[in-house]
Amino acid sequence: MSSEGQERFQTLHELVKAAKLKLNANIWDYLVGATETETTMQRNRAALDSVAFRPRVLRDVSKVDSSATFLGRRKIRLPVMLCPVGSLDSFEPGGAATAGRAAAAFGVPIMVSSVTQPGLEESAKAAAEGPKIFQLYVRGGPDFVDDHVKRAMDVGYDAFCITVDSAHYSRRERDIAKRFVKHWRARSEGMNYQAALAWSDIARFREKHPDVTLILKGIGMAEDAEIAVKHGVQVVHVSNHGGRQLDHGRGSLAVLPEVVQAVGGKARVWMDGGISRGTDLVKAVALGAELVGIGRLYCYGLAAAGEQGVLRVLQLLEDEVQTCLGLLGATCFAEVERNQVVAAAPTVLPHVHSAFPLLAEPERGY
């Protein structure tokens with residue numbers, strides 16, 4: 001990002017504020033909202049705020065390396081992924097292409113949603129040689145799935161993801177109250193295929209596409225993680241859709257340890273859910289996540305300043321992570337000891353922006 005842009009956005013909360021000023025009320029509520037009472041979204045934040053650090057001191061932390069590896073294949077700058085978000089073009093016309101360019105330029109992966117623009121092929125082209133994953137909502141039978149797998153692999157995606165926590169559309173009351181319907185949600189053709197998705201479909205996928213790295217996104221308990229491993233799934237992704245599907249679910253960070261234990265090293269474990277600061281990222285990795293997804297956070301950057309805004313979010317997140325690691329007495333993620341993250345009482349009531357106290361909003365939700 002240019003020095004002018006870096007001067008403009010020196011903290012993450014400034015990007016959140018800039019995004020709100022640029023987006024209309026309908027799109028803003030679509031971005032920050034969740035389902036029904038928004039309890040799951042709040043529990044995402046509460047789970048992160050219920051963990052505290054135990055720092056080590058008098059260690060040489062003059063050099064801190066916050067890099068990681070992606071699927072064991074290549075080095076990435078942070079253990080961070082841009083999560084799939086429907087209708088990214090609502091925040092910036094280039095949508096997933098703009099976000100993909102930023103991810104590639106910074107050096108982290110993007111997971112491209114099947115319900116965002118500019119589509120599978122163009123999004124891959126924008127991300128160029130950067131690490132990338134294609135995520136599918138199932139809207140057809142086996143031929144539909146197989147066609148998307150072939151198209152994704154043909155244009156260089158590193159892995160294929162099926163979202164499994166969206167069997168029914170949720171009731172996002174911020175949108176309903178305004179009678180606001182996103183264009184991609186207005187078209188419900190094929191939704192019955194997602195609702196009918198079963199473990200037998202995962203078994204068929206593995207048999208049909210044995211060489212494709214498969215990710216299941218939306219795992220919320222140890223029992224399903226164990227079944228996923230038995231079906232040869234390479235990545236178990238702990239997620240509750242940012243609180244946008246099942247209401248009154250648990251926070252993702254609270255789910256993570258049981259999934260890590262259930263998987264037992266037989267698959268990689270990723271997670272997302274409320275990640276807003278560098279300290280959140282360090283907590284998730286310390287508790288067993290190999291890769292951590294961000295959603296709303298990079299969308300603020302996208303809305304605020306396009307590609308440069310996403311880059312700035314990642315730069316600030318990296319700075320926060322390196323500061324956190326150094327103050328924990330670690331020069332890299334591997335040096336953070338499990339006993340350095342412990343349970344603690346939260347200090348604030350959780351909401352979508354409770355990680356950004358400088359917003360000083362007069363009411364919850366900013």
Side-chain angles (χ1 to χ4, degrees), residues 43-72 75-81 108 215-217 219-226 228-229 233-240 249-294 297 317-348 350 355:
R43 284 182 176 157
N44 276 338
R45 192 63 242 166
L48 289 158
D49 290 342
S50 297
V51 173
F53 291 121
R54 300 175 68 233
R56 302 300 302 264
V57 298
L58 293 176
R59 295 180 169 187
D60 182 356
V61 290
S62 55
K63 295 181 180 179
V64 175
D65 179 6
S66 56
S67 66
T69 58
F70 172 64
L71 294 174
K75 184 176 180 179
I76 54 176
R77 192 161 156 183
L78 280 175
V80 164
M81 173 184 68
V108 294
I215 302 155
L216 294 189
K217 181 178 180 292
I219 299 296
M221 57 191 296
E223 291 84 346
D224 281 340
E226 290 175 349
V229 170
V233 173
Q234 289 100 330
V235 180
V236 174
H237 188 142
V238 176
S239 174
N240 54 43
R250 294 182 293 164
S252 288
L253 196 75
V255 175
L256 179 62
E258 73 176 60
V259 169
V260 171
Q261 183 177 7
V263 166
K266 297 176 182 177
R268 303 177 188 277
V269 179
W270 298 355
M271 70 83 70
D272 67 67
I275 301 296
S276 302
R277 307 301 296 251
T279 47
D280 298 338
L281 176 58
V282 174
K283 291 174 185 180
V285 173
L287 290 173
E290 181 181 84
L291 194 66
V292 180
I294 57 173
L297 185 60
L317 198 61
E318 179 182 52
D319 186 52
E320 291 187 356
V321 165
Q322 292 182 347
T323 299
C324 179
L325 289 174
L327 291 175
L328 283 172
T331 64
C332 62
F333 282 101
E335 290 184 3
V336 179
E337 301 161 22
R338 177 60 181 82
N339 65 3
Q340 288 189 265
V341 288
V342 295
T347 62
V348 296

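Since the structure is predicted, the reported quantities are computational estimates derived from the model, not experimental observations. The first residue of the sequence shown is numbered 1, and numbering continues consecutively from there.
For the residue pair L253 and A47, the shortest heavy atom distance occurs at CD2-O, 3.7 Å. Taking all atoms of both residues into account, the shortest heavy-atom contact from P55 to L327 is CB-O, 3.4 Å. Nearest approach of V255 to G220, heavy atoms of both residues: CG1-O, 3.5 Å. Contact record, V229 with K266: CG1-CB, 3.6 Å, taken as the closest heavy-atom pair. When all heavy atoms are compared, the tightest approach of A228 to L216 is CB-CD1, 4.2 Å. Here the shortest heavy-atom pairing between D60 and T331 reads O-CG2, 3.3 Å.
Remark: S276 pairs with no residue by the side chain to side chain donor-acceptor pair (under 3.5 Å) rule, at least two apart or across chains. Remark: E223 pairs with no residue by the salt bridge (Lys or Arg N to Asp or Glu O under 4.0 Å) rule, at least two apart or across chains.
The backbone N or O of E290 lies less than 3.5 Å from no partner atom in the side chain of R268, so there is not a single donor-acceptor pair. In this structure, the side chain of N44 engages the main chain of S252 through a donor-acceptor pair within 3.5 Å. Q340 contributes no side-chain N or O that, together with a main-chain N or O of V336, makes up a donor-acceptor pair within less than 3.5 Å. A donor-acceptor distance shorter than 3.5 angstrom exists from the side chain of R45 to the backbone of G274, with no hydrogens or angles considered. A donor-acceptor pair under 3.5 Å is absent between the side-chain atoms of D49 and the main chain of T347, judged by distance alone. When atom types are taken as modelled, the side chain of K283 and the backbone of L48 share a donor-acceptor pair closer than 3.5 angstrom. At least one donor-acceptor pair closer than 3.5 Å links the side chain of R54 to the backbone N or O of N339.
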* Worked check of side-chain contact (heavy atoms from CB on, under 4.5 Å) between V238 and W270 -> CA-CA 6 Å; V238 176; W270 298 355; over 6 Å; no
* To do: Could you walk me through whether V269 and L256 pass side-chain contact (heavy atoms from CB on, under 4.5 Å), step by step?
  => CA-CA 8 Å; V269 179; L256 179 62; 3.6 Å; yes
* To do: Might you work through the side-chain contact (heavy atoms from CB on, under 4.5 Å) test for M271 and V292, ending with a clear yes or no?
  => CA-CA 5 Å; M271 70 83 70; V292 180; 4.0 Å; yes
* To do: Could you go through the side-chain contact (heavy atoms from CB on, under 4.5 Å) check for I76 and L291 one step at a time?
  => CA-CA 10 Å; I76 54 176; L291 194 66; 3.7 Å; yes
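Here the CD-CG distance, from E320 to D280, works out to 8.5 Å after rounding to the nearest 0.5 Å. For the atom pair I219 CD1 and E258 CD, the distance stands at 11.0 Å (nearest 0.5 Å). The CG atom of D272 lies 10.5 Å from the CD1 atom of I294; values are rounded to the nearest 0.5 Å. To the nearest 0.5 angstrom, L317 atom CG is 10.5 Å from Q322 atom CD. In this structure, CZ on R56 lies 11.0 Å from CD on E335, to the nearest 0.5 angstrom. A distance of 10.5 Å separates CG of L328 from CZ of F333, quoted to the nearest 0.5 Å.
For E337, the CD atom is densely surrounded, since the number of other residues' heavy atoms within 6.0 Å is greater than 12.
Residues V321 and V64 are not in side-chain contact: their nearest non-hydrogen atoms beyond the backbone lie 4.5 Å or more apart.
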